[in-house]
Amino acid sequence: MPALSWYDRLDLDDEQRQMLQRSSEPLELILERKWASENDAFQAASLHYNCPVLSLRRYQPDQETVSLLSEQQARRVRSVPLFRVGNRLYLAVSDPDNLQAQDFVAQLTGCIIEPVLVLSKDIDEALNRSMITAESSSQALEAMTAAVEGETRAVQQSAVIEDRDVPTVKMVDHIIMQAIRLGASDLHLEAFPHKILLRYRIDGQLREYPAPPKPVYAAVVSRIKITSSLDIAERRLPQDGRASIMVDDKKYDLRVSIIPNVHGEGIVIRILNPHAVSMDLTALGFEKDILERYQRILARPHGVVLVTGPTGSGKSTTLYATLNQISGIAKKIITLEDPVEYQLANITQIQIQPDIGYTYAQGLRAILRHDPDVVLVGEIRDLESAQIAIRAALTGHQMFSTLHTNDAPQAVTRLLDMGIPFYQLQAALNGILAQRLVRRLCPRCRLPDQDAPDALLDLGLRPDQGSYMAVGCPECNNIGYRGRVAVHELLDFTPSLRRLRGDQINAEDIAHQAASEGAFFTMADSLRRKVLAGTTSLNEALQLLHVE
């Protein structure tokens, strides 16, 4: 741990200094808590360590210099070669006092090392930007393929989990680790007549990367089945399994689905990253007035709150953040999930198992005997689970669940179609939140969209209101977008909605009545505000609303 003298250059109180003394990454902590500006923190750290400090997010290392280290070597020492002047190699490091790592790089390169202090998290991003390219991935797979082809069939089939040096194991680990480091939510491997297709879903978009060749694909599938506890001999029926993997000292859970097709077996692996889930509602993209209204709904002691949207729209994240906000030692919260994606503190989480008959409906009956205050049901799938959820809300419980509908008002008609009487919905429903995800513009390279005026009209904006467009820079891998943000539609089920007559029970009348009293916030309005703020592009907004 470095001496604390550099903290004296910053205006920090005793409690802050104690926290910094306990932290393994004090510079990151200062910036995260906003105890000092980036400029002041960097200047103080630079004077203390007697080396330059760099914001690596805004810097593109020299590619020839980066290649002095292999990806494995760079990740091992958590360093990025930046540039070289003569025999001096300027090396980005997060800990300038780690002389062992610098000596290792010096021996590899034969250069004199000049450390440059950067944030630890920026090193990972820089390595992903600079070293995970189509060319490098292809080269790595070619080397592994030669080794896999040299394996005997017996070795391929046994592919022991503990033996990380088996070529097949290395190839599968490479494919999965590459997906995680690129920030992918899903990995798709598909067999076609003359090739294998590998794609990663990054920020909601599928992108192709070099795939294993066809001759070694069977060995790759077998390895994935072994790690997921699936039957390697079964090639005719779909199979679902789960696994986990450690990448960069972090554990990631994997949900594996394998389905046979006419050319082989297709694999989809969903990557659950607990380190990327925000448990703070304010960080999920809510507009201020929508969040305030949603929190008013959450304050009601009993009733049903539904979050709707398609698969992959962030419903689980929103519900986890919601439970995190309302949880406390005075409330007993129980969840029924399929699967349990992330573990929450002080909350009892139960995974249903339909294959043995343990369904949402059966689980609901059981947990209501455990005197919960709050219950989360992962999804209302049928009339039985809907009936139990509604009855639980009517008997004093706070219920949360998800439903697959296109918008918030349609959730009411969907429940009615299932067979729930409207008088029960009138009494039980508190609110419905519909959610989608749009790509977030890279704040570093976005530019005003000069061609937007006509398209602004399609979104309900004036031609003189500005918007931004994606450009692309090294920080966003020249895509123009970094990450995704949620857009919301909120329907507060007010007393006037509870008084609607039977002939007014349709999505249009519900939306009209709620909007007339300011209890309905549309997704289009949420999109308009995000476009004007430069959070997302006009093109993303129009695609979500299906405007051509």
Side-chain angles (χ1 to χ4, degrees), residues 1-2 23-28 49 51-54 56-57 59-84 87-144 147 161-184 209-210 244-252 271 273 275 474 477:
M1 184 73 190
S23 173
S24 60
E25 296 180 340
L27 185 56
E28 277 87 344
Y49 289 111
C51 71
V53 182
L54 176 70
L56 196 53
R57 289 179 289 111
Y59 183 82
Q60 178 64 32
D62 175 61
Q63 198 59 43
E64 185 177 342
T65 306
V66 168
S67 63
L68 291 173
L69 298 182
S70 69
E71 181 180 353
Q72 185 178 10
Q73 291 167 341
R75 292 191 188 278
R76 175 182 168 186
V77 296
R78 291 189 59 76
S79 304
V80 181
L82 298 174
F83 60 91
R84 187 165 53 177
N87 197 38
R88 294 185 178 273
L89 174 63
Y90 288 81
L91 186 70
V93 298
S94 60
D95 181 10
D97 289 335
N98 186 355
L99 300 181
Q100 185 176 3
Q102 295 175 40
D103 289 343
F104 176 78
V105 177
Q107 291 177 10
L108 280 176
T109 62
C111 295
I112 299 171
I113 302 302
E114 296 286 353
V116 178
L117 177 61
V118 300
L119 297 178
S120 176
K121 63 180 182 181
D122 289 350
I123 288 181
D124 293 330
E125 290 188 8
L127 288 172
N128 293 342
R129 287 200 311 267
S130 302
M131 294 191 165
I132 302 182
T133 62
E135 182 180 358
S136 65
S137 179
S138 180
Q139 291 172 351
L141 279 177
E142 284 178 9
M144 293 177 195
I161 293 176
E162 291 79 6
D163 190 355
R164 316 305 299 185
D165 293 325
V166 174
T168 305
V169 174
K170 285 185 175 181
M171 178 176 286
V172 172
D173 285 353
H174 167 79
I175 292 170
I176 296 175
M177 288 192 295
Q178 182 171 259
I180 289 171
R181 286 167 175 160
L182 287 169
Y209 277 78
S244 62
I245 188 171
M246 293 292 295
V247 179
D248 301 328
D249 299 323
K250 295 177 181 177
K251 183 179 179 181
Y252 297 82
I271 300 165
N273 180 6
H275 317 287
N477 283 326

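If you're wondering where the values come from, they're calculated on a predicted model, not measured in any experiment.
Within the 4.5 Å cutoff, side-chain heavy atoms of D248 are placed close to those of R181. Looking at heavy atoms from C-beta onward, V93 lies out of side-chain contact with N98 at the 4.5 angstrom threshold. Two residues are said to be in side-chain contact when any heavy atoms from C-beta on lie closer than 4.5 Å; H174 and K170 fail this criterion. At least one side-chain heavy atom of I245 sits less than 4.5 Å from a side-chain heavy atom of I180. L56 places none of its side-chain heavy atoms less than 4.5 Å from the side chain of L119.
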Tell me, with the steps shown, if L182 and Y209 meet side-chain contact (heavy atoms from CB on, under 4.5 Å). CA-CA 11 Å; L182 287 169; Y209 277 78; 3.5 Å; yes
Set out, in order, the CA-CA distance, both residues' side-chain angles and the distance that settles salt bridge (Lys or Arg N to Asp or Glu O under 4.0 Å) for R75 and E71, then state yes or no. CA-CA 6 Å; R75 292 191 188 278; E71 181 180 353; 3.0 Å; yes
Hey, mind stepping through L54 and L82 against side-chain contact (heavy atoms from CB on, under 4.5 Å) and telling me if it holds? CA-CA 10 Å; L54 176 70; L82 298 174; 3.9 Å; yes
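A distance of 11.0 Å separates CD1 of I113 from CZ of F104, quoted to the nearest 0.5 Å. Taking CD from Q102 and CG from D97, the interatomic distance works out to 8.5 Å, rounded to the nearest 0.5 Å. The CZ atom of R76 sits 8.0 Å away from the CD atom of Q73 when rounded to the nearest 0.5 Å.
Applying the salt bridge (Lys or Arg N to Asp or Glu O under 4.0 Å) test to E28 and every residue at least two apart in sequence or in another chain returns nothing.
Scanning both residues, C51 and P115, for their nearest heavy atoms gives CB-O, 3.5 Å. Shown here for S79 and L127, the closest heavy-atom pair between the two residues is O-CD2, 4.0 Å.
Looking only at atom types and distance, the side chain of S94 has no donor-acceptor partner in the side chain of R78 under 3.5 Å away.
Taking the six-membered ring where tryptophan is involved, the planes of F83 and Y59 are tilted, since the angle between them lies from 30° to 60°.
When each of L91, L68, T109 is tested with R84 by the rule side-chain contact (heavy atoms from CB on, under 4.5 Å), just one qualifies, namely L68.
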